[in-house]
S.K.: 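Mind looking over this structure? Questions follow.
In the text below, chain A, chain B and the rest are named by the order of the sequence lines, each starting its count at 1. Quick caveat: nothing in here was measured; it's all calculated off a predicted structure.
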Amino acid sequence: MSQYAVPEELKYTEEHEWIKVEGGLAVVGVTDFAQQQMGDVTYVDLPEAGRAVERMAELCVIESVKVAADVFSPLAGVVAEANAALGEHPELINQDCYGAGWLVKLKDYDASGLGELMDADAYAKFIERG
Amino acid sequence: MKTIFDMSRPGRRGVTFPPPLLPDACFQEACLAPELLREKPAELPEVAEIDVVRHFTNLSRQNFGVDVGPYPLGSCTMKYNPKFTEDIARLPGFAGLHPMLPQLRRGGLLAQGALEVLHEMEQLLCAITGMRAYTMQPLAGAHGELTGLMLMAAYHRHRGNHKSLVLVPDSAHGTNPASAAIAGYSVRTVPSRDGVMDFEAYRAMLGPEVAGVMMTNPNTLGLFEPDIKRISEAAHAVDALMYYDGANLNAILGIAKPADLGFDIVHLNLHKTFATPHGGGGPGSGPVGVVAKLEPFLPISRVARREDGTLFLDYDHAHSIGYVAPFYGNFGVVLKAYAYILALGGEGLKRVAEDAVLAANYLRARLAPQWRVAVDRMCMHEVVFSAADQAAQHGVTAMDVAKALIDFGFHPPTVYFPLVVKEAIMIEPTETESKENLDAIVEAMAFIAKKAQEDPAWLHAAPRGTPVGRLDEVRAARQPDLAQR
């Protein structure tokens, strides 16, 4: 059994992000695998609301004790909201990456990009292969 | 340890000055504008000379440098700097020279020695790398990168090329994509395959919009890029320029020239390859060399020779990108590197590369039984191990290994880089460590591997012999408290 949590209901990218469509918005975060690899997160550089992003463009930067990692936008869209709580509490990404540690909500996103994302099974296999 | 502020006592002095010749009033409104005067005295520590000497000597004893023990920090060659170069840099004819002198009327004639150093250094670096011309101005490696990318942009502008993209392999130093982005380019990452650039993936990413390809060769896994000629030719076919990050030049000194590998722009780190101080001991120096087609764009001033044999600063280059730093770069650093190159000579520099590569391969072969080698084949000047097995089986991470090595008298190697290797431990022993010292590293690493199986907690608690134990790096990053008071 895998040591990484991969919730069934989410979509995933090869860059170790998860995506959930909720109330017309696409919520983006990093996976359990990503947060374990990065180690303790110390700082998150979040985008401003209203910024338009291309697919695979830099969405935000996560700094941990090991690395500064770019997070790429899994979909083209416009930033509706960034998770302000991460400013004071970047550790939420380690504690609850699929919940309170979400990063960004995208609006007006390109829904056609959703089809290219992995489902939980495919992503679990992807990280197994390493 | 007490801080120098703890030692302070009111009125205590290291030096007693004679009474001032000018009246007090002269130091007040009469001479200085009121906004320039302090409202209350500066809170400087008041101590005797011996307090200052002991304070800084004790601080240095708590520090670890290459003068104390081996410093096998990978990917940024941290080799020993021979002390004679300091003597050369302190020669009064150099140390006392004013940087404005060659810019004054006839002043250049009084600075011929310094200009000769800059001129000869340019020729030496051209001989080592096969480039046509160099600028000594950039003040560090990343500054050299930015300069190189500005040259790239100037070249494409001049040719009327419309290019927006720079390709960087995923094993690159983080400064490469950062420099490209600051120079205004978009960056795309080329994946690795078996530790080197994936040629097919690279070729698929190449197009007319590609301005350049930035590579470090050998790369940060300590591997020579075997496809480098094909990579260069494919880049040149779309009029993209090949950029050589000189971080790992130490491995090929006197053996291979970047120009022969197809590179058009090179930055060197004199503070890595040519044994000038590095890592807080700087300042650095990042000369940039180019092939003939890029020479018109080099920063001004350039050192040139008149018909009568004297040297002068030449500003007459219409296509130059201009200044990238004041004056002539970090002249003292260039001077030390010049002395180092002359002292070693061509054969000596070649031996640097051979011994550096030999030392890394010795460690690779000796440590392979206990530590998984990231890409297990002949390496160049550095070798990357992975603690992924130890992490999975015993919960001992690369960080634990690094901390434990401190107790054996070694500076920790680079950990968690390159990013393409999990639990990476990157060791670059350099040519200066003896076989006895390499064996001591092997023994320490073997001991740590055994401890990982038997007593992981012992490693989690390392280091023990340092003034402070394992620091809480998370808290230090999240709640930095940098103030003395």
S.K.: In residues 411-419 of chain B, which residues are in contact with chain A at a heavy-atom separation under 4.5 Å?
M.R.: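 So the qualifying residues are B/Y416, B/L419.
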S.K.: Would you call A/R55-A/E116 a salt bridge at under 4.0 Å N-O?
M.R.: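 Judged by the 4.0 Å cut-off on N to carboxylate O distance, A/R55 and A/E116 do form a salt bridge.
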S.K.: Is the number of heavy atoms from other residues, nucleotides or ligands within 6.0 Å of CZ (B/R464) greater than 12?
M.R.: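 Yes - once you tally the heavy atoms of other residues, nucleotides and ligands closer than 6.0 Å, there are more than 12.
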S.K.: In terms of heavy-atom proximity below 4.5 Å to chain B, should A/N94 be classed as side chain, backbone, both, or neither?
M.R.: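 Interface part for A/N94: side chain.
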S.K.: Using the six-membered ring wherever Trp is involved, compare the ring planes of B/H267 and B/Y243 and label them parallel, tilted or perpendicular (cut-offs 30° and 60°).
M.R.: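 Ring orientation, 0 to 90° scale: tilted.
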S.K.: Check step by step if salt bridge (Lys or Arg N to Asp or Glu O under 4.0 Å) holds for B/E200 and B/R203.
M.R.: CA-CA 5 Å; B/E200 294 308 324; B/R203 202 160 54 179; 3.1 Å; yes
S.K.: Of all residues at least two apart in sequence or in a different chain, which pass the salt bridge (Lys or Arg N to Asp or Glu O under 4.0 Å) check with A/K20?
M.R.: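 Result, salt bridge (Lys or Arg N to Asp or Glu O under 4.0 Å) vs A/K20: A/E22.
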S.K.: Measure the CD-OG distance between B/E209 and B/S164 for me, rounded to the nearest 0.5 Å.
M.R.: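 That separation rounds to 6.0 Å.
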S.K.: Residue by residue, scan residues 469-480 of chain B and write down, ordered by number, those that have a heavy-atom distance under 4.5 Å to chain A; if none do, write 'none'.
M.R.: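 Within residues 469-480 of chain B, near chain A: B/E473, B/V474, B/A477, B/R478.
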S.K.: Please determine whether side chain to side chain contact (heavy atoms under 4.5 Å, CB included) holds for the pair A/V61 and A/D70, giving the CA-CA distance in whole Å, both sets of side-chain angles, and the decisive distance to 0.1 Å.
M.R.: CA-CA 5 Å; A/V61 180; A/D70 290 335; 3.6 Å; yes
S.K.: Evaluate whether atom CD of A/E48 has more than 12 neighbouring non-hydrogen atoms of other residues, nucleotides or ligands under 6.0 angstrom away.
M.R.: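 No, because the 6.0 Å sphere around CD of A/E48 holds 12 heavy atoms or fewer from other groups.
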S.K.: If you measure from CE on B/M205 to CZ on B/R188, what distance do you get to the nearest 0.5 Å?
M.R.: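 B/M205 atom CE to B/R188 atom CZ measures 4.0 Å (nearest 0.5 Å).
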S.K.: For chain B, find its close neighbours in residues 74-93 of chain A: heavy-atom separation under 4.5 Å, sorted by number, or none.
M.R.: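 Near chain B, by residue number: A/P90, A/E91.
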